[in-house]
There are 2 protein chains.
Amino acid sequence: MNPRSRSSSDHERVTVDIVIFTIRDTELQVLLVRRGIAPFEGNWAIPGGFVLPKESLDEAARRELREETGVEDVFLEQLYTFGDPERDPRGRVITVAYYALVSPDRAPPLAGSDAAEARWWPAAHTPAPLAFDHDAILATALERLRGKLTYTAIGFELLPKKFTLSQLQRVHEAILGEPLDKRNFRKRVDALGVVRPLKESVNSGAGRPAQLFSFGGRKPANAK
Amino acid sequence: MNPRSRSSSDHERVTVDIVIFTIRDTELQVLLVRRGIAPFEGNWAIPGGFVLPKESLDEAARRELREETGVEDVFLEQLYTFGDPERDPRGRVITVAYYALVSPDRAPPLAGSDAAEARWWPAAHTPAPLAFDHDAILATALERLRGKLTYTAIGFELLPKKFTLSQLQRVHEAILGEPLDKRNFRKRVDALGVVRPLKESVNSGAGRPAQLFSFGGRKPANAK
DNA sequence: TAAATAGTGTCTCTTAGACAATATTAT
DNA sequence: ATAATATTGTCTAAGAGACACTATTTA
């Protein structure tokens with residue numbers, strides 16, 4: 001018997017769930033929506049929805065992201081697929097989880113095109129328990145994001161196009177949850193060669209004005 | 001409208017596909033099955049099958065692995081989920097890809113409990129093109145496996161319980177496709193602290209007998 | 001004793017981390 | 001002047017990589 005010809009029940013559903021991160025108040029936050037209906041009525045959940053028949057998983061994730069926040073063209077990456085048969089009490093629902101990074105100047109203060117209540121929560125202090133297995137999904141997303149920080153400078157995905165190195169450092173500190181040494185941080189960012197100094201600077205209140213940078217490396221990162 | 005209540009068509013199917021690696025003839029090989037029916041009749045494919053209603057994705061992957069090779073309790077990890085709507089001409093099939101590492105003493109020489117023809121192929125030289133998007137899945141698996149080698153010593157998952165450091169090095173060389181320095185390799189494996197010397201040694205033909213090792217670190221790897 | 005395989009140490013260069021003083025602005 | 005923020009370099013320790021000889025066995 002060919003493995004592809006084995007049959008299965010017809011009751012699977014596939015969703016995408018998007019862990020949408022932003023930085024607000026120098027803190028890493030996630031967008032959650034409050035469920036208005038059972039199961040888990042009243043609990044907060046990671047936004048998501050069903051994959052439509054003619055769209056790829058990436059397209060479904062981008063569509064959901066747009067519907068929830070209105071943003072496009074942001075960092076979005078597949079995370080992991082969760083398929084425990086008990087994860088949704090209504091039936092078999094397999095969800096492909098994604099995570100997205102949205103800069104605060106593009107993230108709506110209170111998001112959600114759906115009528116459902118939606119708001120940003122500190123990623124480290126979400127209203128427990130979240131619906132379904134969403135606590136596990138969030139934990140996985142945080143782990144991945146922190147992992148990426150150690151060998152990339154992905155933080156600028158959470159900043160406006162022009163940013164200062166102090167802002168970038170604050171983003172990294174917010175995600176890692178620990179202070180970083182300023183000189184070492186700048187050395188590392190410089191070594192990665194992924195940000196480019198602009199000919200502008202800004203001063204925000206008191207203090208010496210800061211050099212502005214933008215994404216875009218000097219050299220093709222690690223070209224051999 | 002609550003995101004979870006959005007509806008979708010009923011024609012999704014979810015499969016798991018398992019990229020099963022082994023080492024044969026000091027070469028990294030993958031198990032492929034030849035398709036006996038359309039689509040892609042005659043092409044080789046990564047083994048897989050539908051997820052059953054009451055099993056988790058991991059369980060489905062373990063079951064498929066057992067059915068194809070008879071082995072249990074081997075390294076198995078979720079890889080990525082592929083869901084392009086055109087990937088299967090028969091309809092919407094979303095596949096959660098896994099990869100497994102099977103030691104050659106446990107891997108059947110010619111595997112496949114299904115009647116389908118099955119055999120091992122050199123991972124670097126599979127009969128192109130594979131069915132569906134399986135070339136992309138295999139490429140993703142290879143990338144992940146190589147990535148892991150640079151910061152773990154996962155190679156022993158591809159060896160019998162007792163092995164020599166030379167064997168382990170040959171495994172790493174087979175996966176990376178390049179020779180490694182013997183002294184540096186042993187230094188690194190030692191530093192990882194994940195293998196333990198046994199009180200036995202073996203001699204294989206001519207040459208000095210080799211110390212046997214087994215998996216199991218001296219110290220809890222990187223305990224803080 | 002020749003051929004085959006196993007085992008071992010040093011030096012260098014790069015990278016990561018600890019660490020403090022000066023520069024520029026607003027008030 | 002003081003407060004606030006930005007910017008910059010050195011030293012040390014650890015890790016990565018280049019590199020060659022000795023040890024033990026079989027035939």
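Residue numbering restarts at 1 for every chain, and letters A, B, ... go by the order of the sequence lines.
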What I want to find out is whether [X] reaches [Y] closely enough, with some N-O distance under 4.0 Å, to be called a salt bridge.
X	Y	result
R63(A)	E59(A)	no
K162(B)	E200(B)	yes
R62(B)	E55(B)	no

Rounded distance (Å) that lies between atom [atom2] of [N] and atom [atom1] of [X]:
X	N	atom1	atom2	result
Q169(A)	dT5(D)	CD	P	13 Å
H172(B)	dG17(D)	NE2	C1'	17 Å
F185(B)	dA18(D)	CZ	C1'	17 Å
K187(B)	dG17(D)	NZ	C1'	7 Å
R183(A)	dT10(D)	CZ	P	12 Å

For this session: Identify, between K182(A) and P209(A), the residue whose nearest nucleotide on DNA chain C lies closer to the 5' end.
Result: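 The residue whose closest nucleotide sits nearer the 5' end is K182(A).
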Exercise. Residues from residues 160-168 of chain A sitting under 4.0 Å of DNA chain D, heavy atoms only?
Worked result: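 Of all residues in residues 160-168 of chain A, the ones placing a heavy atom under 4.0 Å from DNA chain D are S166(A).
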Problem set entry | Residues in side-chain contact (heavy atoms from CB on, under 4.5 Å) contact with E27(A), at least two apart in sequence or another chain |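 E27(A) satisfies side-chain contact (heavy atoms from CB on, under 4.5 Å) with Q29(A), P122(A) once adjacent residues are dropped.
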Problem set entry | Pairing residues for T126(A) by the side-chain contact (heavy atoms from CB on, under 4.5 Å) criterion, not counting sequence neighbours |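 Expected list: V30(A), L32(A), W121(A), L130(A), D135(A), L138(A).
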Problem set entry | Under the side-chain hydrogen bond (donor to acceptor under 3.5 Å, both in side chains) test, residues paired with D25(B) that sit two or more places apart |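 Listed in chain order: nothing, the list is empty.
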Exercise. By side-chain hydrogen bond (donor to acceptor under 3.5 Å, both in side chains), which residues pair with E173(A), not counting sequence neighbours?
Worked result: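 For E173(A) the side-chain hydrogen bond (donor to acceptor under 3.5 Å, both in side chains) partners, ignoring immediate neighbours, are Q169(A).
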Exercise. Is the F163(B) to F215(B) ring centre distance short of 6.0 Å?
Worked result: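 F163(B) vs F215(B): aromatic centres not under 6.0 Å.
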Exercise. Hey, would you say the Y99(A) and F75(A) ring centroids sit under 6.0 Å apart?
Worked result: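 Yes, the ring of Y99(A) comes within the 6.0 Å limit of the ring of F75(A), centre to centre.
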Problem set entry | Along DNA chain D (nearest heavy atom to each residue), the more 5'-positioned of R208(A) and N184(A) |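 Comparing both residues, the 5'-ward one is R208(A).
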Problem set entry | Which residue lies more 5' along DNA chain D, comparing S204(A) with D181(A) via nearest heavy atoms |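 Upstream on the strand: S204(A).
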For this session: Taking only the side-chain nitrogens and oxygens of N203(B), find out if one of them lies under 4.0 Å from OP1 or OP2 of dT26(D).
Result: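 Answer is yes, contact under 4.0 Å.
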For this session: Using a 4.0 Å heavy-atom cut-off across all strands, classify R188(A) as base, sugar-phosphate, or nothing.
Result: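 Since no nucleic acid heavy atom lies under 4.0 Å of R188(A), the category is nothing.
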Problem set entry | Nucleotides bounding contact with chain B, strand DNA chain C, heavy-atom threshold 4.0 Å |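 First and last nucleotides in contact are dA4(C) to dT10(C).
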